[in-house]
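Below is one structure, written out as structure tokens; comments come after it.
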Number of protein chains: 2
Amino acid sequence: MKQTEIQDTADLLKALGEFNRLSLVYRLCECPQPQNAMCLCDCCSVDASVVSRHLKTLAQAGILKLDKKGRERTYSLDRANVVNQLRALATKIETSL
Amino acid sequence: MKQTEIQDTADLLKALGEFNRLSLVYRLCECPQPQNAMCLCDCCSVDASVVSRHLKTLAQAGILKLDKKGRERTYSLDRANVVNQLRALATKIETSL
DNA sequence: CATATATTTGCATTATTGCGCAAATATGTC
DNA sequence: GACATATTTGCGCAATAATGCAAATATATG
């Protein structure tokens, strides 16, 4: 197993492994439409600047996609990517021997 | 979604989301037999005491099982638990809308 | 019991992280 | 452009976490 692969996976899990960030992810789970940051603020009781940073962290980890359509800035889950990586890890743990 | 559930899931992901700990997990993936701590030390270049602490962290998160058979102390992956939790999260992200 | 090895724990250090606040920078509206 | 709102960034602080070393505590073996 390459070190970089381990690091990449660790980065994804670390990004998900914080209460407020995971709350944001669950919140976005429920949204059929992409959401703007303010709309997401109410799911965790922290300052808007903190939400902004968490969203950035999640986006950098490939968990969220930032959609800049014209003047709107909205976030949505990159479901495929997150699901694939989680499943890949699960499968590896389950089957490698 | 309950706060405690979010917290529990975040705790699991946080435990996995650190390079040396994830390296230990991958290392244990390859082991059909439970391993003692020293045997696991070579997969990450840190002090044995650090490995000991990481193993403890992983065990507390339900990722590893500590087997004390007689005088042997060995660690093994709790594959079922980790796999179930990862898959549950993946499914939630994939399907909840 | 004495000795060797394995593992954990206490302690100090350093690095990282989450947070709030205020200021700066968009971005949209009139 | 002036103004309101949304978002990001700089800064400092407090809490957490990772690490190494040395000492303590097992645990085996002679």
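Chain letters run A, B, ... following the sequence lines, proteins first, then strands; residues in each count from 1.
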Shortest non-hydrogen separation from B:Val82 to B:Leu16 and the atoms involved: CG1-CD1, 4.4 Å

Closer than 4.0 Å, any side-chain N/O of B:Lys14 to the OP1 or OP2 of C:dT17? no

Can you tell me how far CG of B:Leu86 sits from CD of A:Gln85, rounded to the nearest 0.5 angstrom? 11.5 Å

Can you see if the side chain of A:Asn36 gets near the phosphate of C:dT27 - specifically, an N or O under 4.0 Å from OP1 or OP2? no

Nearest-angstrom distance from the residue atom CG of B:Asp47 to P of C:dT13: 18 Å

From the list C:dG20, C:dG18, D:dT8, which nucleotide is the closest neighbour of the side chain of A:Asn20? C:dG18

Between A:Leu22 and B:Thr9, does a side chain to side chain contact (heavy atoms under 4.5 Å, CB included) hold up when you go through it step by step? CA-CA 8 Å; A:Leu22 190 58; B:Thr9 305; 3.8 Å; yes

Taking CG from A:Asp42 and C1' from D:dA6, how many angstroms apart are they, rounded to a whole number? 15 Å

Using OP1 and OP2 only, check whether a side-chain N or O of A:Arg73 sits under 4.0 Å from C:dA26. no

Just the rounded figure in Å: distance from P of D:dA17 to CD of A:Glu18. 11 Å

Between CD of A:Gln60 and P of C:dT17 the distance, given in whole Å, is 12 Å

Answer with base, sugar-phosphate or nothing: what part of the nucleic acid does B:Phe19 contact at a heavy-atom distance below 4.0 Å? nothing

Rounded distance (nearest 0.5 Å) linking atom CG of A:Asp11 with atom CD1 of A:Ile6: 12.0 Å

Between A:Thr57 and B:Ser52, just flag the one whose closest nucleotide in DNA chain C comes earlier from the 5' side. B:Ser52

A:His54 side-chain N/O to C:dT17 phosphate OP1/OP2 under 4.0 Å: no

A:Leu58 CG to C:dG18 P: how many Å, rounded? 10 Å

Without decimals, in angstroms, what is the distance between A:Leu40 CG and D:dA6 C1'? 13 Å

Any side-chain N or O of A:Ser49 below 4.0 angstrom from OP1/OP2 of C:dG20? no

Atom-pair distance (CG on A:Leu55; P on D:dA6), nearest Å: 15 Å

C:dT9, C:dG20, C:dT8: which one has an atom nearest the side-chain heavy atoms of B:Arg53? C:dT9

Rounded at 0.5 Å granularity, tell me how far CG in A:Leu55 sits from CG in A:Leu66. 9.0 Å

For atom CD of A:Gln35 and atom C1' of D:dT7, their distance in whole Å: 16 Å

Within the structure, does a side-chain N or O atom of A:Lys56 lie under 4.0 Å from either OP1 or OP2 of D:dT9? yes

Decide yes or no, distance alone: a donor-acceptor N/O pair under 3.5 angstrom between the base of C:dG18 and the side-chain of A:Arg21. no

